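Everything numeric here is computed off the predicted structure, so don't read it as measured data.
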Amino acid sequence: MEHWSVFYTMWNSWCEELAKRMCAETDTDMSGDVYDLMGYDSDTKKIRMGMLAEKTHPYIKEKVVEMLIKQGFSDWEAKNVLKNTWKDTPENMQIKMTGNLRDLFSRLR
């Protein structure tokens with residue numbers, strides 16, 4: 001299950017950063033709502049099966065806008081918050097090698 005640890009490492013910080021940006025943009029503490037929507041458990045720092053693990057970014061963006069509208073933001077305000085806070089990848093995304101690529105590619109010849 002090593003691939004899941006890479007997934008968690010990559011996207012848990014992304015989810016936390018998105019929540020921070022949204023809280024700052026709206027002057028509202030909505031991190032719990034963002035985490036619930038994404039399927040993120042901030043205690044274990046893991047993404048549960050659900051939105052972030054299974055859906056596309058365009059779909060998730062629609063759901064973020066819906067969440068904001070349910071919280072009282074107008075459609076325009078919700079879309080503006082999303083535009084100002086959404087990033088498709090983690091800001092400090094670093095890929096860690098988990099295997100020997102030279103060896104792998106020599107075997108594939």
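Separating the SG atom in C15 from the NZ atom in K45 is a distance of 10.5 Å, to the nearest 0.5 Å.
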With a cut-off of 3.5 Å and sequence neighbours excluded, list every side-chain donor-acceptor pair involving residues 63-73.
from : atom 1 : to  : atom 2 : distance (Å)
K63  : NZ     : E66 : OE1    : 3.2
Q71  : NE2    : D33 : OD2    : 2.8

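With sequence neighbours left out, the salt bridge (Lys or Arg N to Asp or Glu O under 4.0 Å) criterion links D75 to K79. Under the side-chain hydrogen bond (donor to acceptor under 3.5 Å, both in side chains) criterion, K55 pairs with no residue, sequence neighbours left out. Judged as a side chain to side chain contact (heavy atoms under 4.5 Å, CB included), and not counting sequence neighbours, D27 has no contacts. Annotation: salt bridge (Lys or Arg N to Asp or Glu O under 4.0 Å) contacts of K61 (sequence neighbours excluded): none. Here E25 pairs with V81, N84, T85 under the side chain to side chain contact (heavy atoms under 4.5 Å, CB included) rule; sequence neighbours left out.
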side-chain contact (heavy atoms from CB on, under 4.5 Å) between D41 and Y35, worked out: CA-CA 7 Å; D41 184 332; Y35 296 162; over 6 Å; no

Test log, rule side-chain contact (heavy atoms from CB on, under 4.5 Å), inputs W14 and I47: CA-CA 11 Å; W14 176 88; I47 307 291; over 6 Å; no

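In this structure the side chain of M51 never reaches within 4.5 angstrom of the side chain of Y40, judged on heavy atoms. Within the 4.5 Å cutoff, the side chain of E17 has no heavy atoms near those of the K87 side chain.
Looking at every heavy atom in both residues, M30 comes nearest to T26 through CE-OG1, 3.6 Å. The heavy-atom pair separating S31 from C23 by the smallest distance is N-SG, 3.6 Å. Here the shortest heavy-atom pairing between H57 and D88 reads CE1-O, 2.9 Å.
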